Structure formats: C-alpha cells, structure tokens
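Report on the structure given below.
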Amino acid sequence: MGILGIYASANYPRVTNSYESISTVTVGSGGAASISFSSIPSTYKQLQVRGIGRTTSSSNPIFIQLNSDTTTSNYYSHALYGNGSAAYAQAEGSTYSQYVNYFPISTDTASAFGAVVIDVLDYQNTNKYKTVRALGGFDKNGGGFAWFNSTLWKNTNAITNITIQPYSGNLAEYSSFALYGIKG
Amino acid sequence: MAAGSTYTPIATTTLGSAQTTISFTSISGSYTDLVLVLNIAGVSNAGELLRFQVNSDTGSNYSATSLANDGNTAASGRISGSTWAYFGGDNQGVKTGTSLATAQFMNYSNATTYKTVLTRFNQAADSVGSVVNLWRSTSAITSIQVFLNTAKTYTFSSGTTATLYGIQAA
C-alpha cells in the first residue's frame, strides 16, 4: 500500500479569514512574574491565547486574570485532568479558582515546556459573565498532566486585559504567549 | 496589533485509495503553530492507536500523558521513551467507522525548546480523549507522519481527509 506524501509548500494560496493575530509576548532572560495583554481591541467576537511555558518555581499551576481582577471569589473553575495514572475532577471557588493549566516546574526535564490553548468566549458581551476554556498540559517523559479546564469570571464587563501568571515564582525564559482575535 | 490573516491552510488531501501513512513534508518554518485536522473515513484493522512521528524520527524520543473516556471509564495513561506519539488515550483504539483527530504543534519551529503537541481524538458513540505529547528535540518540525500500527501496514480508507494549517503570531 502507498504512502501518501503531501508537499506542504509556503506558496499554497493564502486566503483571508476572520482569525487575526493581536499580540505576542515572549519571556526574556531572568523570567517574568506574569505576561499581560492589555488594551484588547473590541472588534472581535472571541479571543484565543496560545502559548508554551514553564515556571521557575516548584509549583505547576498557571492562573488567568481578567481585567486585573485579583479577587479569587470572582472566579470559579472546573477541571478534568489526568496525571498518567488516573483521571481526576476538580472544582475550585477560592484560592485556586483561577486555574487554567499546569506547566513544568524548575526541576522538570530541561527544555520541556507545557502548552495551552485558551478560548475567551464572547468577551465583549456586557449582558453576561465570561467563560474561559482551556486545553493543555505538559509531558516530561515520565510525568506530566493532560488538562481540560473551564473558568467563570463573575463579571459582566467587557474584557480588556488578560494576564497569565504562575501560582508561584516566574514564567521561565522562552515562555511565549500569543493573543488572537476571532471575528463573528 | 492585528497582523492580518493568520490561520492559513498549508496543504490538504483526500485519499483516493487506501494508504498506510499520511505525510506532510517540507513544512515551512514561517508559522508559530501548526494545526492538523484528520477526518478518518475508516481503517483496515480496528484497535490500533492513531500514531504520529515528526521529521521521520523513529528514535525513542517521544512521550505523552493522556486523558480519555470510553463511555464507561475516564482514564489517564502515559508512554515514555516511545518511538511514536499519539492522538487519543490508551483506551481509544481506532474503530473501523469514522473518527476525527486534531493535533496542535505548538511553537513548532523554534530551535530552543522541546516540542509539545496537543491532540484530541473523537470517535462517535465510542470515546473521546486528549493527549499532551512531547518530542524531545529542539529541532524545528519540518514533516509529520501519521500512521496506525507500528509496522505501518494497516491503512486509512479512501475518503480520509487531512488538512494542515499554519497559525502565525504577530
């Protein structure tokens, strides 16, 4: 039977679409306590954050903050995750209510970065609370997590700022996040 | 600010006959992430995992953590030091009917980090799963090979489609 090879050329005809890149942040030498996307345009229907990262601490969780709101009771998150041995369900309404993913820690396999795709849905709608969903995790060749997450921000304001930060420590150098807008 | 159109189809195909491997080669390094979408029309032999390799690397350079539900049990699995990566959980052998798989190759062309690939695999009326794969190489990904059994003798059915997209950050 044949092997189908497809030449993936950069010259394939490009088409315009409604998915646009807004901004990219890459962490430099020394790390960063957080990364933020601010002054987010109001011209899209949905937002998506795509990124890779690891932390400089001994703690895996990654948090999301919207409009610089640090009040944990304004968030609620649910997660379904697996650690390679078992599947777990988690609900958080207080300290860890802003969980969005897990990244490798400082002592994990060097050069192994976690990845996450975060959808911020209907972010301009002032008639409802905002919902964030995430898919991601990391693997370090003998450990790691696969992670689904949904986070509620109990605020009807339009989202103008998104911050990603680790639960403790910094995001490591070469962590990189890109914000995209999707028109509707 | 906005850099214009960003989500670009790079290549696509529909199988006109059964094939053992679906490959994308000479992938441009000009994007940030790649997204592969597979709509599998059927397979010759049920039960195998849906696997992939990159850059034709057949070494023990892959590992993964999975999460899947077969309708009875939610389970998490792991492979370490593997010669392949995969789309679905350990309990998601590909059935002979249709199924859908996606893979997100994150930051695939950077020369600094190992490569993480987020996948999903959905089989109607059967199972759903997601895997975080790691390819332990800092090389840019320039080709992708998708296959079933490790001997690469089982086939994807005619009518199977595969599309590769590039996402370019500002």
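Chain letters run A, B, ... following the sequence lines, proteins first, then strands; residues in each count from 1. None of these values were measured; they are calculated from a predicted model.
Comparing S176(A), A115(A), A86(A), S111(A) by heavy-atom pairs within less than 4.5 Å of chain B, the highest count is held by S111(A). When each of G77(B), A74(B), S66(B) is scored by its heavy-atom pairs under 4.5 Å with chain A, the top score falls to G77(B). With respect to chain A, the highest number of heavy-atom pairs below 4.5 Å among A68(B), A64(B), G89(B), A75(B) belongs to A64(B). Ranked by heavy-atom pairs under 4.5 Å with chain B, the first of G114(A), G143(A), G51(A) is G143(A).
For chain B, no part of T43(A) is nearby; none of its heavy atoms comes within less than 4.5 Å. The part of A178(A) that comes within reach of chain B is its side chain, from C-beta onward, which places non-hydrogen atoms under 4.5 angstrom from that chain. Proximity to chain B (any heavy atom under 4.5 Å) is shown, for A89(A), by neither the backbone nor the side chain. With a 4.5 Å cut-off on non-hydrogen atoms, L179(A) does not touch chain B at all.
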Practice task
For side-chain contact (heavy atoms from CB on, under 4.5 Å), just list the numbers for Y7(B) and I182(A), CA-CA rounded to whole Å, side-chain angles, deciding distance to a tenth of an Å, and then say yes or no.
Solution key: CA-CA 10 Å; Y7(B) 205 117; I182(A) 302 168; over 6 Å; no
Exercise for the section: Starting from the C-alpha separation in whole Å, work towards a yes-or-no answer on side-chain contact (heavy atoms from CB on, under 4.5 Å) for N141(A) and Y62(B). Expected result: CA-CA 8 Å; N141(A) 191 33; Y62(B) 305 88; over 6 Å; no
Exercise for the section: With side-chain contact (heavy atoms from CB on, under 4.5 Å) as the test, would you mind laying out the steps for L135(A) and S130(B) before giving the verdict? Expected result: CA-CA 9 Å; L135(A) 167 69; S130(B) 180; 3.3 Å; yes
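From I52(A), atom CD1 reaches atom CG of N110(B) across 5.5 Å, with rounding to the nearest 0.5 Å. In this structure, OG1 in T113(B) is found 6.0 Å from CZ in F113(A), a value given to the nearest 0.5 Å. Interatomic distance, CZ of F138(A) versus CG of L118(B), reported as 13.0 Å (0.5 Å rounding). L67(B) contributes atom CG, which lies 11.0 Å from atom OH of Y81(A) (distance to the nearest 0.5 angstrom). Atom NZ of K140(A) sits about 14.0 Å away from atom OH of Y114(B), to the nearest 0.5 Å. Between the OG atom in S76(B) and the OH atom in Y88(A) there is a gap of 8.5 Å [rounded to 0.5 Å].
When every heavy atom of N83(A) is checked against every heavy atom of R78(B), the shortest pair comes out as O-NH2, 2.8 Å. Of all the heavy atoms in A169(B) and S21(A), the pair that sits closest is C-OG, 3.3 Å.
No continuous path of ILVMFWY side-chain contacts below 4.5 Å connects V132(B) to F145(A), so the two sit in separate hydrophobic clusters. In the hydrophobic clustering of ILVMFWY residues, with side-chain heavy atoms under 4.5 Å counting as a link, I35(A) and I159(A) come out together. L38(B) and F147(B) are members of different hydrophobic clusters when ILVMFWY side chains are connected at heavy-atom separations under 4.5 Å. Placement of L49(B) and V146(B) in two distinct hydrophobic clusters is found when ILVMFWY residues are connected by side-chain heavy-atom separations under 4.5 Å, directly or transitively. A continuous path of hydrophobic side-chain contacts links V49(A) to V132(A) [ILVMFWY only; heavy atoms under 4.5 Å].
For the 3.5 Å distance criterion, the side chains of D139(A) and T65(B) qualify, holding a donor opposite an acceptor.
Between Y180(A) and Q168(B), the closest side-chain pair of non-hydrogen atoms is not below 4.5 Å. Under the 4.5 Å side-chain criterion, counting only non-hydrogen atoms from C-beta, R50(A) is in contact with V35(B). In this structure, the side chains of M106(B) and V117(A) come closer than 4.5 Å at one or more pairs of heavy atoms.
Looking only at distances, no side-chain donor or acceptor of R136(B) sits under 3.5 Å from a matching main-chain atom of T109(A).
At most 12 non-hydrogen atoms from other residues, nucleotides or ligands lie less than 6.0 angstrom from NZ of K45(A). Annotation: Y167(A), atom OH; neighbour count of heavy atoms from other residues, nucleotides and ligands within 6.0 Å does not exceed 12. Heavy-atom contacts from other residues, nucleotides or ligands closer than 6.0 Å to CZ of F37(A) number more than 12.
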